[in-house]
Amino acid sequence: MPQTIAVLDFGSQYTQIIARRIRECEAYSRLYPYGTSAEQLRADGVIGIILSGGPSSVFAKNAPLPDPKIFELGVPVLGICYGVQLMGRLLGGAVAKSKEREYGHGTLSIAKPGRLFNKLPRKLRVWNSHGDKLTALPPGFAAIGTTENSPYAVIEDRARNFYGIQFHPEVFHSERGSDVLRNFLLNVCGATQDWTTKDFIKHAVSDIRRTVGKSRVLLGLSGGVDSSVAAALLHRAIGKQLTCVFVDNGLLRAGEREAVEALYGRHFKIDLRVVDASALFLRRLKGVSEPEQKRKIIGRTFVEVFEKSLKQIGKGVDYLAQGTLYPDVIESVAIDNNPAALIKSHHNVGGLPERMKLKLLEPLRELFKDEVRAVGEALGLPREVVWRHPFPGPGLGVRVLGEVTRDKLEVLRQADTILLEEMRKSGWYAKVWQAFCVFLPVKSVGVIGDERNYSWVIAVRVVESIDAMTADWTRLPYDLLQHISNRITNEVRDVSRVVLDISSKPPATIEWE
Ligand code: XMP
């Protein structure tokens with residue numbers, strides 16, 4: 001087991017970012033609900049504790065509090081924002097209620113760098129977002145940094161290795177914030193940086209082997225990043241004991257099935273079963289044009305097909321593997337009047353594991369997306385797979401607006417292929433979140449030579465985003481857009497016009513249905 005840094009989650013929107021920053025320093029971090037007992041943390045062998053920020057006031061009736069015994073574990077503690085106020089409250093200092101939240105940039109002046117600010121500039125621009133603030137130091141503490149608004153912006157108790165910082169080092173707006181966290185990990189906690197891609201793969205491979213023994217494992221392969229990396233990792237661990245199932249739902253992009261067959265079947269020599277269910281999906285979608293209904297039909301049919309193929313090929317299979325990632329399994333804490341922990345529902349394939357009496361295997365459940373990509377590259381997956389844009393489960397089914405037919409799908413595939421080719425060739429593919437075409441079920445008039453051409457319209461959607469929660473349309477160069485449009489209208493029969501989607505999310509969504 002790698003050394004663990006515990007991040008106690010008090011509900012800050014930045015908690016996951018803290019964990020990621022720590023892992024970027026090659027130290028393993030785990031998020032824990034704020035009330036986790038000191039005993040549990042000791043049992044997990046944590047070598048340092050970070051108290052995250054949070055939206056509460058320490059004066060609130062139901063203010064989330066940590067187990068006070070965490071301060072007796074003898075491990076370093078770093079309080080961030082609300083975490084500092086907690087330290088103030090629980091360790092004998094004083095905290096005052098502020099009328100206004102301090103929000104935005106400030107200048108931090110460091111009087112004594114100590115271990116936390118070792119080799120960092122004495123003045124740093126930092127990001128603040130807090131209501132209450134510390135007004136008297138707890139015994140044993142000294143202030144080592146100040147901002148315009150706070151004489152206690154950074155505090156330390158060197159003897160006990162307790163630190164508190166009022167600003168948010170984890171956010172991008174705090175200059176050298178990552179280095180402050182790195183100093184905490186390396187200089188204060190003595191982290192040995194044992195969380196590298198290579199170490200992860202080594203541990204994961206031996207864990208998988210130990211768990212699985214001689215059983216067979218089944219994995220639904222979608223061709224997306226997560227299931228691809230899970231396949232490569234499982235294959236490294238258990239070789240022929242792994243069987244991958246790829247369902248061709250008839251809603252894939254051009255060449256997608258062939259690419260999966262070539263990579264996993266021929267290159268990795270994985271036992272790959274391709275189930276061609278395209279006729280069934282298209283039959284079920286006939287005459288259906290309402291988006292939610294389409295999604296439901298596609299989802300239900302997928303579960304049905306997958307389950308049927310499991311029955312056929314699943315003899316001796318004990319495990320169903322899934323490419324679940326860490327953000328899907330983190331227990332999110334609901335702070336405010338009701339600090340009850342909510343557990344996100346696992347989105348496994350429609351309760352399939354229970355119904356089929358299969359055990360669930362989730363080899364990527366400790367990883368963030370960027371870590372998954374690094375693992376994929378280290379396992380020899382091509383860059384096109386590792387850096388692929390997201391593609392929705394219902395596939396082109398939600399990109400042909402209205403009723404889905406074979407002909408419309410074919411038109412969309414051809415247009416989409418051209419868009420992706422041009423995005424790759426121009427280097428824009430890697431710079432954007434998603435780029436795709438949408439088939440609009442309207443006809444418009446054009447001319448080819450002297451002929452009137454009355455045919456379909458294709459919309460081009462290219463967006464930038466960090467997490468798909470918000471998105472902005474990408475300002476592609478006009479020349480590139482012109483080239484894409486010319487190629488689509490010239491090369492794809494039955495398309496008379498190309499339009500560009502210039503809507504942001506919100507209020508629009510990324511997909512059109
Ligand atoms: P929207 O359209 O909601 O999409 O802005 C946000 C992101 O989610 C993807 N998406 C899906 N992914 N199953 C998926 O696996 C789905 O049903 C689905 N619908 C949307 C979308 O491509 C975008 O990246």
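Start at 1 and go down the list; that is how both ligands and their atoms are numbered. Just so you know, residue 1 is the first one in the sequence shown, and it goes up from there. Everything quoted here is computed from the prediction, not taken from an experiment.
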Can you list the ligand 1 atoms lying under 4.0 Å from a non-hydrogen atom of [X]?
X: P394; value: 13 (N), 16 (C), 17 (O)
X: K505; value: 1 (P), 3 (O), 5 (O), 6 (C)
X: T509; value: 1 (P), 2 (O), 5 (O)

Contact check, W433 vs ligand 1, heavy-atom distance below 4.0 Å:
yes

Using distance alone, determine whether [X] and ligand 1 share an N or O pair under 3.5 Å.
X: R399; result: no
X: G393; result: yes
X: I510; result: yes

Closest protein heavy atom to [atom], given as residue, atom name and distance to 0.1 Å:
atom: atom 7 (C) of ligand 1; value: A468 CB, 3.8 Å
atom: atom 24 (O) of ligand 1; value: Q434 OE1, 2.9 Å
atom: atom 19 (N) of ligand 1; value: R295 NH2, 3.2 Å
atom: atom 2 (O) of ligand 1; value: E511 N, 2.8 Å
atom: atom 12 (N) of ligand 1; value: P392 CA, 3.5 Å

Indicate whether the side chain of [X] and that of [Y] have a donor and an acceptor atom separated by less than 3.5 Å.
X: E371; Y: Y326; value: no
X: T474; Y: E464; value: yes
X: D248; Y: S278; value: no
X: S52; Y: Y34; value: no

So, applying ring-ring contact (aromatic ring centres under 6.0 Å, His included) with H168, which one of Y103, Y82, Y14 is it?
Y14

Using a strict threshold of under 4.0 Å (side-chain N to carboxylate O), is an ion pair present between [Y] and [X]?
X: D226; Y: K369; answer: yes
X: R424; Y: E384; answer: no
X: D416; Y: R399; answer: no

Report yes if some heavy atom in the side chain of L78 is under 4.5 Å from a heavy atom in the side chain of P169; otherwise report no.
no

Does atom 16 (C) of ligand 1 have a protein heavy-atom neighbour under 4.0 Å away?
yes

For atom 22 (O) of ligand 1, decide whether some protein heavy-atom distance is shorter than 4.0 Å.
yes

